[in-house]
Asker: 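Following this message is one structure expressed as structure tokens.
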Amino acid sequence: MPPKKRTRSSAKANRNAGAVGPDDAVQNKTGKRKRSAAENSDLEKKKDDEGSKPSYSHWLMKSEPESRIENGVDVKFGIEDLKALPNQRGCWDGVRNYQARNFMRDMKLDQQSFFYHSNCKEPGIAGLMKVDVQFERMLKRFIPLSELKKHHMLHKAEGGPLKNMFLFSRARLSVQPLTAGKRSSKQIHNFI
DNA sequence: GCCAACGTTGGC
DNA sequence: GCCAACGTTGGC
């Protein structure tokens with residue numbers, strides 16, 4: 001098995017093939033620091049929002065396809081790296097942000113996730129994977145960030161499935177739902 | 001490499 | 001619980 005890799009928020013790689021690993025994704029290093037705002041809101045959700053959570057069907061996950069050394073470790077993990085793993089499967093670890101972690105907990109097996117290349121020469125969506133984490137396919141055509149933004153702006157103005165995108169409203173969120181509801185998911189899918 | 005955005009930490 | 005300092009993210 002290839003060595004475990006970590007990135008900043010995006011994350012990656014491949015310890016236990018076939019498992020999305022939200023449980024160990026975010027750790028409390030000391031176990032005694034204060035709860036973050038995100039953690040608190042998480043707890044509240046559990047308390048009084050049970051059952052009324054929106055259910056998402058498609059996701060977007062960011063990772064860095066270009067080499068960059070962080071703490072002596074190369075964090076590179078692009079879609080080609082996932083594709084190259086045994087069974088084209090890996091484990092998406094190293095996610096530290098609590099909201100991102102919570103989204104990972106909402107994921108269901110075999111849902112689709114778009115593989116976004118970030119912090120690189122050509123940021124954008126490169127391909128598709130299944131929540132498993134398994135490579136599914138490359139997109140017919142790479143969709144650069146600029147194009148995503150164009151669609152997003154248009155949908156915002158005229159209505160459309162991409163009118164709300166965490167990609168543009170929440171900086172630094174490495175795991176995010178792409179859309180809610182079956183209809184809009186389908187629309188998005190056709191799109192791509 | 002720069003730096004704006006923003007989440008986290010931790011003293012108070 | 002506030003908030004300044006700090007660290008990370010990620011486009012450019």
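Naming convention: chains lettered A, B, ... in sequence-line order (proteins, then strands); numbering from 1 in each chain.
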Asker: Considering just the side-chain nitrogens and oxygens of A/Tyr98, establish if one lies under 4.0 Å of OP1 or OP2 belonging to B/dT9.
Answerer: no
Asker: Please state how far atom CG in A/Asn119 lies from atom P in C/dC12, giving the value in whole angstrom units.
Answerer: 12 Å
Asker: Quick one: does any side-chain atom of A/His117 pair with a main-chain N or O of A/Gly124 as donor and acceptor, under 3.5 Å?
Answerer: no
Asker: Mind checking if A/Phe168 touches a base, just sugar-phosphate, or nothing, with heavy atoms under 4.0 Å?
Answerer: nothing
Asker: Taking side chain to side chain contact (heavy atoms under 4.5 Å, CB included) as the test, write out the residues that go with A/Lys149, two or more places apart.
Answerer: A/Met153, A/Phe168
Asker: Hey, could you give me each pair passing ring pair (Phe, Tyr, Trp, His ring centres under 6.0 Å) that has a residue in residues 123-142 of chain A? Not counting sequence neighbours.
Answerer: none
Asker: Return the value, rounded to whole Å, for the distance between atom CG of A/Asn102 and atom P of B/dG7.
Answerer: 14 Å
Asker: Checking A/Ser67 now: which residues fulfil side chain to side chain donor-acceptor pair (under 3.5 Å) with it, not counting sequence neighbours?
Answerer: A/Asp74
Asker: Got a sec, which residues hit side chain to side chain donor-acceptor pair (under 3.5 Å) with A/Gln111, two or more places apart in sequence or on another chain?
Answerer: A/Trp59
Asker: Write down the distance between CE (A/Met165) and P (C/dG10), rounded to a whole number of angstrom.
Answerer: 14 Å
Asker: In whole angstrom, what separates A/Asn97's CG from C/dG7's C1'?
Answerer: 13 Å
Asker: Consider side chain to side chain contact (heavy atoms under 4.5 Å, CB included). Of A/Gln176, A/Met129, A/Gln134, A/His58, which one does A/Ser113 pass it with?
Answerer: A/Met129
Asker: Tell me the interatomic distance from A/Leu173, atom CG, to C/dT8, atom P, rounded to whole angstroms.
Answerer: 18 Å
Asker: What is the separation between atom CZ on A/Arg68 and atom P on C/dG11, rounded to the nearest whole Å?
Answerer: 12 Å
Asker: List the residues meeting salt bridge (Lys or Arg N to Asp or Glu O under 4.0 Å) with A/Lys130, not counting sequence neighbours, and say none if there are none.
Answerer: A/Asp110
Asker: Find the distance A/Lys62:NZ to C/dG10:C1' and express it as a whole number of Å.
Answerer: 7 Å
Asker: So what does the secondary structure string of DNA chain C come out as, 5' to 3', with Watson-Crick or wobble pairs under 3.5 angstrom, [ ] for crossing and | for pairs with another strand?
Answerer: ||||||||||||
Asker: Please determine, for the side chain of A/Ala171, which listed nucleotide (C/dG11, B/dC6, B/dG7) has the closest atom?
Answerer: B/dC6
Asker: For A/Arg172 and B/dA4, give me the distance from atom CZ to atom P, rounded to whole Å.
Answerer: 14 Å
